[in-house]
K.L.:
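Have a look at the structure that comes next, please.
In what follows, every chain begins at residue 1, and chains take the letters A, B, ... in the order their sequences are listed.
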Amino acid sequence: MDTSEKLDLVLRPPTEELLIKDDLKRMFDEGRKIEHYIGFEISGFIHLGTGLVAGSKIADFQKADINCRVFLADWHAWINNKLGGDIETIKRIAVGYFKEGMATSIEVMGGDPKNVEFVLGSDLYEEKPEYWTTVINVSKNLTLARVRKSITIMGRQKQEEVNFAQLIYPPMQVADIFAQEITLAHSGIDQRKAHVIAREVAPKIGREKPVAIHHKLLLGLTQPPIWPVEKDKLKEMLSQMKMSKSVPKSAVFIHDSPEDIMDKIKQAFCPAKNVEFNPVLDWANTLIFRGGEAELEISRPEKYGGNLVFYDYESLSREFESGNLHPLDLKKSVAEKIVQLLEPARDKFNRPKYTRMLEELMEIKITR
RNA sequence: CCCGACGUAGUCUAGUCUGGCCAGGGCAGUGGACUGUAGAUCCACGAAUCGCCGGUUCAAAUCCGGCCGUCGGGACCA
């Protein structure tokens, strides 16, 4: 496979930006093995925005002959008080649930989880005491203001409610990249600030600049807080529109039952003829077509025009925009497709070993 | 440690000075109506140990005392 084919894979949707394409091109040309990483805070259930979107990119990277690694950020989750803020619980869930969930997600999107390395944060820090030197080195090259600004990446808008540990988070996130000698840092677009810091700080502390790649965030199923969306405030709007665990109806989880999936998608915000900021179309585009070819069958009664098949997103969205495709028919077929897609995940999490863990996770969510 | 402001449903908040109708409202939520989806709209509904403990009183979210917590300021800096 030549460099341009590899770049195509890397840039394939849902990639939103690549910093910087030429840097990556050079690495490919030099024939270097590229070391990829994506970090996840260990919080509640894995939703499609985490599992499938990241999973789809990992699958692409593997096809481009990149070494992939998933970083289970237990300390970061601890700092952000996830799972009741208990580090032992977080570690257990990280290895027992999160790793397994991500592995299945990668598989579902066409990747090979056996060739993905899973690294638990605590293990890395134990094995490499010099990690903390890197944290300090990174910190010495950052101002307090810079760190504060980058904190918004952690999905909070109110910057008042940050404690001191949360200020250590960004330098740690950057140090994670250096400690693992990552050349391709990957995350959702919401985490770009940390990666930009990594790229800026790298030369100052004698490290190689990592290439950074960010995928777009899957839209949540609920109506955006402001509708119609104000385009001039798009940036902040987007972060409010993304799928979120804290808005249960906005998210489908990888282990959801077919009934749950159908139910949630049926209840989704989906204005007829509107192709912008339409979560159901967004899911079809991001999870099913992915900028290429796939098959989406729409079955509908004769009185509404009979069955349809789409092979690419453009024709689907054109048909929807014209009004010939009714939202409910779209919803049903997208839901069915996702149900199909997630079958391996359900199989896995229906095993007793995992159902117990799911129950425990549920408990933690409730009691917290 | 000192001074000040604050603490009412998931969230924001009215009421506190001048004790007394079942602690009121917005948003969120739930159910229904209407659209072949959702939303919008309309109707209905659920939800609060009024930070905690004690006191005064026939009666306390409201007054008094103590404690806890959040925020701001000050002091301490040998």
K.L.:
List the atom of A54(A), the atom of I38(A), and the distance in Å for their closest heavy-atom pair.
P.N.:
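Distance-wise, the nearest heavy atoms are CB-CD1, 3.9 Å.
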K.L.:
E41(A) and K82(A): salt bridge (charged side-chain N to carboxylate O under 4.0 Å, His left out), yes or no, with the steps?
P.N.:
CA-CA 8 Å; E41(A) 259 183 41; K82(A) 297 295 163 66; 2.5 Å; yes
K.L.:
Please list, pair by pair, any protein nitrogen or oxygen found under 3.5 Å from a nitrogen or oxygen in nucleotides 38-42 of chain B.
P.N.:
unit_1	atom_1	unit_2	atom_2	d
A38(B)	O4'	A268(A)	O	3.2
A38(B)	O4'	K331(A)	NZ	3.0
A38(B)	O2'	Q267(A)	O	2.9
A38(B)	O2'	A268(A)	O	2.9
A38(B)	O2'	F269(A)	N	3.2
A38(B)	N3	C270(A)	N	3.2
G39(B)	O3'	Q223(A)	OE1	3.0
G39(B)	O2'	Q223(A)	OE1	2.7
G39(B)	O2'	Q223(A)	NE2	2.7

K.L.:
Measure all distances between protein nitrogen or oxygen atoms and nitrogen or oxygen atoms of nucleotides 26-29 of chain B, and list the pairs falling under 3.5 Å.
P.N.:
none

K.L.:
My understanding is that only residues two or more places apart in sequence, or in another chain, count here; which of them pass ring pair (Phe, Tyr, Trp, His ring centres under 6.0 Å) with H47(A)?
P.N.:
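H47(A): no ring pair (Phe, Tyr, Trp, His ring centres under 6.0 Å) contacts found.
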K.L.:
I need the full list of ring pair (Phe, Tyr, Trp, His ring centres under 6.0 Å) pairs touching residues 86-115 of chain A, with sequence neighbours left out, sorted by first then second residue.
P.N.:
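Qualifying pairs, neighbours excluded: F40(A)-F98(A), Y97(A)-F349(A).
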K.L.:
Mind calculating the distance between CG (N324(A)) and P (G36(B)) to the nearest angstrom?
P.N.:
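Rounded to the whole Å, the gap is 17 Å.
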K.L.:
G24(B) and G31(B): how far apart are their C1' atoms, nearest whole angstrom?
P.N.:
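It comes out at 24 Å once rounded to the nearest Å.
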K.L.:
With sequence neighbours excluded, tell me which residues meet ring pair (Phe, Tyr, Trp, His ring centres under 6.0 Å) with F310(A).
P.N.:
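With sequence neighbours excluded, F310(A) shows a ring pair (Phe, Tyr, Trp, His ring centres under 6.0 Å) to no residue whatsoever.
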K.L.:
Can you check the D329(A) CG to U37(B) C1' distance for me, whole Å?
P.N.:
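Taking atom C1' of U37(B) as the reference, CG of D329(A) is at 9 Å.
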K.L.:
Can you tell me how far CG of L83(A) sits from CG of L361(A), rounded to the nearest 0.5 angstrom?
P.N.:
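Separation between the atoms: 6.0 Å.
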K.L.:
Just to be sure I understand: a Watson-Crick pair is purine N1 to pyrimidine N3 plus N6-O4 or O6-N4, both under 3.5 Å. Using that and G-U wobbles, which stems of three or more pairs involve RNA chain B?
P.N.:
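Result, WC/G-U stems under 3.5 Å: B:1-7 with B:68-74, B:10-13 with B:24-27, B:29-33 with B:41-45, B:51-55 with B:63-67.
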K.L.:
What is the distance from CD1 of I298(A) to P of U37(B), rounded to the nearest Å?
P.N.:
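Going from CD1 in I298(A) over to P in U37(B) covers 16 Å.
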K.L.:
What's the CZ-P distance between F320(A) and U37(B), to the nearest Å?
P.N.:
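Rounding to the nearest Å, CZ of F320(A) and P of U37(B) are 12 Å apart.
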K.L.:
Rounded to whole Å, please give me the gap between CG in N278(A) and C1' in U37(B).
P.N.:
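Taking CG of N278(A) and C1' of U37(B), I get 10 Å after rounding.
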